[in-house]
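Quick caveat: nothing in here was measured; it's all calculated off a predicted structure. Lettering of chains follows the sequences in order, A, B, ..., and the numbering in each one begins at 1.
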Protein chains: 2
Amino acid sequence: MTLIESTLDSIAEIGFARTSVSEIIDRAQLSRGMIHLHFGGKDALVEESAKYSSAKYYDSLNGLLKTAGSDPQESVEAIIRSDLSEEVLNKRTVSLWYAFRGESRERKAIAAYSDTRDARLRNLAFEAYLKIARQSGLPEPETTAKDATNGTLALLEGMWTDFLLHPESFDRGAAIRTIFRFLSALFPGYFDLDGAVLKAAARG
Amino acid sequence: MTLIESTLDSIAEIGFARTSVSEIIDRAQLSRGMIHLHFGGKDALVEESAKYSSAKYYDSLNGLLKTAGSDPQESVEAIIRSDLSEEVLNKRTVSLWYAFRGESRERKAIAAYSDTRDARLRNLAFEAYLKIARQSGLPEPETTAKDATNGTLALLEGMWTDFLLHPESFDRGAAIRTIFRFLSALFPGYFDLDGAVLKAAARG
DNA sequence: AAATAAAATGGATGATCGTCCATTTAGTGT
DNA sequence: ACACTAAATGGACGATCATCCATTTTATTT
């Protein structure tokens with residue numbers, strides 16, 4: 001575990017290319033042979049680290065999502081606020097995600113762990129949008145919900161990239177408001193610039 | 001030039017970590033000393049490669065943007081369609097972008113070249129949205145335009161990530177339609193699911 | 001306390017890394 | 001044809017890489 005944490009620290013701080021076995025064991029204060037003993041080799045350790053990092057992201061996200069209310073628009077708001085919260089989106093996590101993605105093309109095992117938007121999250125968003133689309137009587141609710149899901153996840157991805165490239169000037173509030181501006185246009189009555197609009201005001 | 005192309009080929013195909021001097025000169029069919037002679041060292045060559053790659057992206061984009069009509073919504077449509085066209089968004093370019101980004105935190109020179117959405121493009125989009133927001137009489141047109149700009153660029157970023165992680169199943173048409181669904185909600189009369197709505201139909 | 005098993009160590013190894021430069025090859029001017 | 005300059009070569013160098021295992025240390029059982 002300390003080896004995995006050290007590996008992640010190194011990747012986050014000095015990048016993939018510079019993360020060597022020596023660097024990792026120095027950080028972990030462990031001896032040279034431990035990587036081979038516990039993981040079989042550096043590549044396997046890196047893979048495990050990617051897996052662990054991914055699991056941690058989902059754990060954080062799931063923990064935050066539990067606070068969501070019952071209305072579909074509240075679920076959506078929870079996803080957005082969680083994914084842009086300091087706990088989930090910070091310098092370390094974003095460095096790790098992009099480091100792993102940079103190597104994901106050649107290492108499929110890593111690619112599998114570096115997709116932040118997995119099926120569960122996708123499905124959660126889709127179900128929420130589907131309810132909203134049906135309630136608001138939009139034509140083709142499935143297609144609308146699918147587009148809204150893809151768009152929301154893409155918007156979140158884009159905000160992450162913004163954070164990666166401009167961590168100092170990144171404004172969480174502005175990012176959230178931007179997303180809700182789009183959502184409030186797409187589903188008026190269900191969202192406004194501050195987030196979800198609760199049902200009493202939204203529907204009859 | 002052939003050294004830069006070989007460097008980019010290597011990074012795109014086998015990743016940053018595996019791109020060595022030997023790998024580059026093998027691909028370029030040049031001798032060992034050429035990197036030192038022409039660039040001073042490997043790091044400088046990589047930097048020049050990032051610069052070149054970035055310039056190529058903007059050249060492609062600018063070339064495609066020239067075909068845009070005069071209406072602001074046509075400019076926006078041109079940006080979106082160009083950024084998701086095969087010429088701009090393909091396996092090679094997306095591999096390169098994410099490889100450079102993965103190393104961008106530790107190497108600021110690379111970070112500068114790995115931001116796809118530079119000030120020019122941002123400004124172009126903002127001016128277009130500002131016109132639309134003013135024409136359609138929305139309150140706070142500047143804020144709306146700013147959000148629309150950030151959102152559009154974030155959406156494009158997100159679509160790129162989708163392409164990186166699922167290049168086989170990525171659907172350009174669906175990506176474009178998703179973006180226009182958001183825009184048509186935000187600026188009804190100016191966009192529909194297929195793109196820009198021309199002025200005769202949009203205004204009085 | 002002795003015997004045995006398990007965990008951890010760190011030096012040795014060969015491969016590969018990026019750099020550098022003495023030498024060779026190609027190009028230009030006389 | 002010769003002298004001279006510029007371009008290109010590729011081997012040598014020390015540094016660092018990941019791996020592996022003989023040895024030592026720690027823990028467990030008898």
Of all heavy-atom pairs linking A:Val88 and A:Ser60, the shortest is CG2-CB, 3.9 Å
Given atom CD of B:Glu23 and atom P of C:dA15, what is their separation to the nearest angstrom?
-> 19 Å
Below 4.0 Å: OP1/OP2 of D:dC17 and any side-chain N or O of A:Ser20 | yes
Sub-4.0 Å heavy-atom contacts from residues 10-18 of chain A onto DNA chain C, ordered by number | none
Of the listed C:dG18, D:dC17, C:dT9, the closest approach to the B:Lys42 side chain comes from C:dG18
Send over the distance from A:Ile25 CD1 to C:dG11 C1', rounded to a whole Å.
-> 12 Å
Could you check how far CG of B:Asp26 sits from C1' of D:dG10, rounded to whole Å?
-> 13 Å
Closest non-hydrogen contact found for A:Arg172 with A:Leu84 is NH1-O, 2.8 Å
Whole-Å gap separating P (D:dT19) and NE2 (A:His38) | 15 Å
DNA chain D: 5'-proximal contact among A:Met34 and A:Val21 (nearest heavy atom) | A:Val21
With respect to the phosphate group of D:dT19, does any side-chain polar atom (N or O) of A:His36 fall under 4.0 Å of OP1 or OP2?
-> no
Could you check A:Asp83, A:Val76, A:Leu156 and say which one makes a side chain to side chain contact (heavy atoms under 4.5 Å, CB included) with A:Ile179?
-> A:Leu156
Separation of C:dA8 P from A:Leu3 CG (nearest whole Å) = 10 Å
The nucleotide from D:dA8, C:dA12, C:dT9 with an atom nearest the side chain of A:Leu30 is C:dT9
Round to the nearest Å and state the distance from A:Ile35 atom CD1 to C:dA7 atom P.
-> 18 Å
Given C:dT19, D:dT19, D:dA8, the nucleotide with the shortest approach to the side chain of B:Leu37 = D:dA8
Between P of D:dT19 and CG of A:Asp43, the distance in whole Å = 6 Å
Solution key, residues 38-51 of chain A side-chain donor-acceptor pairs under 3.5 Å, sequence neighbours excluded:
residue: A:Lys42; atom: NZ; partner: A:Thr19; partner atom: O; Å: 2.8
residue: A:Ser49; atom: OG; partner: A:Leu45; partner atom: O; Å: 2.8

Flag the pair B:Arg181 and A:Asp147 as a salt bridge only when some basic side-chain nitrogen lies within less than 4.0 angstrom of an acidic carboxylate oxygen.
-> yes
Once you round it to whole Å, what is the distance between P of D:dA18 and CZ of A:Phe39?
-> 15 Å
Only one of B:Tyr57, B:Tyr58, B:Tyr52 passes side chain to side chain contact (heavy atoms under 4.5 Å, CB included) with B:Ser54, and that residue is B:Tyr58
Sidechain-backbone polar pair: B:Gln73 side chain, B:Phe191 backbone, donor-acceptor under 3.5 Å | no
Presence of B:Ser22 side-chain N/O under 4.0 Å of C:dT16 phosphate oxygens OP1/OP2 = no
Closest to the A:Arg32 side chain: C:dT9, D:dA18, C:dC20?
-> D:dA18
